[in-house]
Novice: 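Provided herewith is a single structure, encoded as structure tokens, for subsequent inquiry.
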Number of protein chains: 2
Amino acid sequence: MDEILELQKKILPELTEILEKRYNILRNIYYNQPVGRRTLANKIGIGERVIRTEVNVLREQNLVEINPLGMTVTDEGQIIVDKLKDFIHSLKDLKSLESKLEKVLNIKKILVVPGSFDEDEYILKDVGKTSSLCIKTMLKDNNIIGITGGSTMAQVANEMPKQDIHSNILVIPARGGLGKNFESQANNVAVNLAKKLGGSYKLLHVPDSLDKEALDTIIQIPEVKELKNLIKKIDVLVFGLGNAEEMANRRMIPDDKIKEILEKGAVAEAFGYYFNTKGEQVWESSTVGLSLDDFKKVKNVVGVACGKKKAEAIIAISSLKKDMTLIMDEGVAREIIEIVK
Amino acid sequence: MDEILELQKKILPELTEILEKRYNILRNIYYNQPVGRRTLANKIGIGERVIRTEVNVLREQNLVEINPLGMTVTDEGQIIVDKLKDFIHSLKDLKSLESKLEKVLNIKKILVVPGSFDEDEYILKDVGKTSSLCIKTMLKDNNIIGITGGSTMAQVANEMPKQDIHSNILVIPARGGLGKNFESQANNVAVNLAKKLGGSYKLLHVPDSLDKEALDTIIQIPEVKELKNLIKKIDVLVFGLGNAEEMANRRMIPDDKIKEILEKGAVAEAFGYYFNTKGEQVWESSTVGLSLDDFKKVKNVVGVACGKKKAEAIIAISSLKKDMTLIMDEGVAREIIEIVK
DNA sequence: CATATGCGGGACATTTAATGTCCCTTAGAC
DNA sequence: GTCTAAGGGACATTAAATGTCCCGCATATG
């Protein structure tokens, strides 16, 4: 198959470009349907008339339908969208990009999802889907899944296909701390993921930015103690990678503290820890949950990141643990290659 | 692989068209190199400027080279041309066309070569190549190959790769009769084919249109007798299909005789026999060689035809023998489908 | 029920790419 | 030397893609 793609790209160099453009439109209709030309054009960032021209082709192929409510992807179109992702993956030769990154970052397994999150926010959904499928392959009966918060993790849970192949799955948040947005809190993500997998969940209600005394008190609560023990038994850990500055702001850390952390060279955040470019811990948020030592002992670890601003964070965290899977979008993947070069 | 092609054709319906156009240009350069734009444009039947636009792409892809002598296909381009034939075959879904014909004509095996001979004379070379490869798979040590004359058969011999995998191959003309063009006489074809296969040959020197007395005399010649015996032992028979009227003219049969044959409904000619639409013999040219009974007893039979005017001939001859392989170009294949419909 | 919003589609100007046409210089062939 | 056919440049012409605007219509909202 690879050979055929090479052949096609040789004789028809424009292939990738056209296909990606058309796929992009189809996918964006799918994620926004029913949607009008103008709305779509603004979203994708191409001319309205271009949409019309391309959509005409897609309609003739019975991939989209047009009605007064807006454009909709047909059943056939949905199947195509799904298959097309993998195809574009091959076409863009992302396999070699993956291996290159595995080598550069010295990480066991890297998955790159076609498209750039910075150009198309819906790439997040694709990354979520890919991640969810990756996690599913790791799962066994009676496993404990630990997951963190963030919009990326929310999508991972959201895109997980609803089916309970495995019995007695337990989903727990990997670490305390809430964040502003309820939807993407670790607790909420854990609940959603558990529902999708037909498993159970336990939650951890610990606010951000506690002082030492409050923390000591909270740790004494039986439910918290139970969860601390469960966290040490996590079989599959799924965590989101964060840009240090952005995460510090979001966690409502005081400004002078943020300044201090950044001066220490923090570029990455993950499960409440802050790291510099070399992957050295420079600060830890005061909450309960997965420790850095725990992290290194977990067998199945999946890190997910989306967007070019996460490039440095990915580089930093990749030196923490060799034996994990990192999933990211094509945009940040290429950005990383640029940086390390 | 099939699924991927379907996918591509769905999302990019123009694919086949563009690819075929470009392939056509590349192939025609290959068969005529070094060649100029104008010459090529006349040959293919498209605008000179179109050639230039397309060739620019091909040159950027390092598939053709341009120098003051004309355009040439690079080494890489040659490989591409070769692979592309099969690819276009899949792309056009000629497999299903083949099965359809096998069913309609009730023939064991049919091979369709992409492209129409009536639009591009160089398709004959492709048909020749496909035929030669097909024959090669049938061959075993010590086999006797019988072959007829005609421009198609000449190409079959010409396109046979020069290598002697099998030992002690003997090539003989299947039937007497010379025709106007020396190059494509059965004798000459047999010699060329034998050379390509590293085998030996024996020839049959019998003119066209003999009267009975002359024929009786000739049959007494020891060499002719020997060949008649060898013909009965043919392992692999390769023959060209002819349009009855055209062949009759070419064999210099008297006009009144031609008229008679055609009035009997003759549409097809093969190894000196003339058949009506139903495959019934209506006339036999007076010469020595393979008889119709011999034909039906040969184990491996390959019939080759090129061009839409052979459509009826193919239909007629397909009812002669179920167990054979027919090779033709796409143009006549589709013509046949039209006729039987 | 009236209003506002966003939809598809038509129409037309504009831009861009593809194509048609012609001529020039040059390198082999005879 | 002459002639032919080559590639390449230049420019007009055509076709396609795109930008821009407006219209009538359905639906949601108040």
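Both backbone and side-chain heavy atoms feed into the values below; hydrogens, waters and symmetry mates do not.
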Novice: Go through residues 12-25 of chain A and report each residue with a non-hydrogen atom lying under 4.0 Å from DNA chain C, sorted by number.
Specialist: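 Residues of residues 12-25 of chain A under 4.0 Å from DNA chain C: none.
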Novice: Taking only residues two or more places apart in sequence, or in another chain, which ones meet B/Lys136 in a salt bridge (charged side-chain N to carboxylate O under 4.0 Å, His left out)?
Specialist: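 B/Lys136 satisfies salt bridge (charged side-chain N to carboxylate O under 4.0 Å, His left out) with no other residue.
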Novice: Apply salt bridge (charged side-chain N to carboxylate O under 4.0 Å, His left out) to A/Glu159 and list each qualifying residue two or more places apart in sequence or on a separate chain.
Specialist: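 By the salt bridge (charged side-chain N to carboxylate O under 4.0 Å, His left out) rule, A/Glu159 matches A/Lys125.
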Novice: Going by salt bridge (charged side-chain N to carboxylate O under 4.0 Å, His left out), name the residues that satisfy it together with B/Glu246, two or more places apart in sequence or in a different chain.
Specialist: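 Expected list: B/Arg250, B/Lys309.
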Novice: Applying salt bridge (charged side-chain N to carboxylate O under 4.0 Å, His left out), can you list everything that pairs with A/Glu338, at least two apart in sequence or on another chain?
Specialist: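 A/Glu338 satisfies salt bridge (charged side-chain N to carboxylate O under 4.0 Å, His left out) with A/Lys341 only.
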Novice: I need the residues from residues 64-73 of chain A with at least one non-hydrogen atom less than 4.0 Å from DNA chain C; give them sorted by number, or say none.
Specialist: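 Heavy-atom contacts with DNA chain C come from A/Ile66, A/Asn67, A/Pro68, A/Leu69, A/Gly70, A/Met71.
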Novice: With the threshold set at 4.0 Å, does a side-chain nitrogen-carboxylate oxygen contact exist between A/Asp329 and A/Lys310?
Specialist: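 Judged by the 4.0 Å cut-off on N to carboxylate O distance, A/Asp329 and A/Lys310 do not form a salt bridge.
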Novice: Rounded to the nearest 0.5 Å, how far apart are CD1 of B/Ile4 and CZ of A/Phe87?
Specialist: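 If we round to the nearest 0.5 Å, B/Ile4:CD1 and A/Phe87:CZ are 6.0 Å apart.
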Novice: Between atom CZ in B/Arg52 and atom P in D/dG9, what is the gap in whole Å?
Specialist: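 For the pair B/Arg52 CZ and D/dG9 P, the rounded distance is 8 Å.
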Novice: Say whether A/Lys85 and A/Thr130, considering side chains only, have a donor N or O and an acceptor N or O under 3.5 Å apart.
Specialist: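 Result is yes, a qualifying pair exists.
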Novice: For DNA chain D, whose closest nucleotide is more 5', that of A/Thr53 or that of B/Asn56?
Specialist: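 Here B/Asn56 is the residue nearer the 5' end.
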Novice: Report all side-chain donor-acceptor pairs from residues 28-36 of chain B shorter than 3.5 Å, counting only partners two or more places apart or in another chain.
Specialist:
from	atom 1	to	atom 2	distance (Å)
B/Asn28	ND2	B/Asn24	O	3.0
B/Asn28	ND2	B/Asn24	OD1	3.2
B/Asn28	ND2	B/Asp120	OD2	3.1
B/Tyr31	OH	B/Asp126	OD1	2.8
B/Asn32	OD1	B/Tyr122	OH	2.5
B/Asn32	ND2	B/Asn28	O	2.7
B/Gln33	OE1	B/Val73	N	2.8
B/Gln33	NE2	B/Tyr30	O	3.3

Novice: Taking only residues two or more places apart in sequence, or in another chain, which ones meet B/Lys10 in a side chain to side chain donor-acceptor pair (under 3.5 Å)?
Specialist: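 With sequence neighbours excluded, B/Lys10 shows a side chain to side chain donor-acceptor pair (under 3.5 Å) to A/Glu76, given in chain and number order.
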Novice: Just grab all the salt bridge (charged side-chain N to carboxylate O under 4.0 Å, His left out) pairs involving residues 55-75 of chain B, residues at least two apart or on different chains.
Specialist: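 Not a single pair qualifies under salt bridge (charged side-chain N to carboxylate O under 4.0 Å, His left out).
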Novice: Does anything in residues 32-47 of chain A come within less than 4.0 Å of DNA chain C? Heavy atoms only, and list the residues if so.
Specialist: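 DNA chain C contact set from residues 32-47 of chain A: A/Val35, A/Gly36, A/Arg37, A/Arg38, A/Thr39.
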Novice: What is the first contacted nucleotide of DNA chain C and what is the last, in 5' to 3' order, if contact means an atom lying under 4.0 angstrom from a heavy atom of chain B?
Specialist: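 Under 4.0 Å from chain B, the extent on DNA chain C is C/dT19 to C/dC23.
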Novice: Reading DNA chain C from 5' onward, which residue's closest nucleotide shows up sooner: A/Arg59 or B/Glu54?
Specialist: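 The residue mapped nearer the 5' terminus is A/Arg59.
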Novice: If the condition is side-chain contact (heavy atoms from CB on, under 4.5 Å), which residues does A/Glu14 pass it with, not counting sequence neighbours?
Specialist: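 Result, side-chain contact (heavy atoms from CB on, under 4.5 Å) vs A/Glu14: A/Leu12, A/Ile18, B/Arg22.
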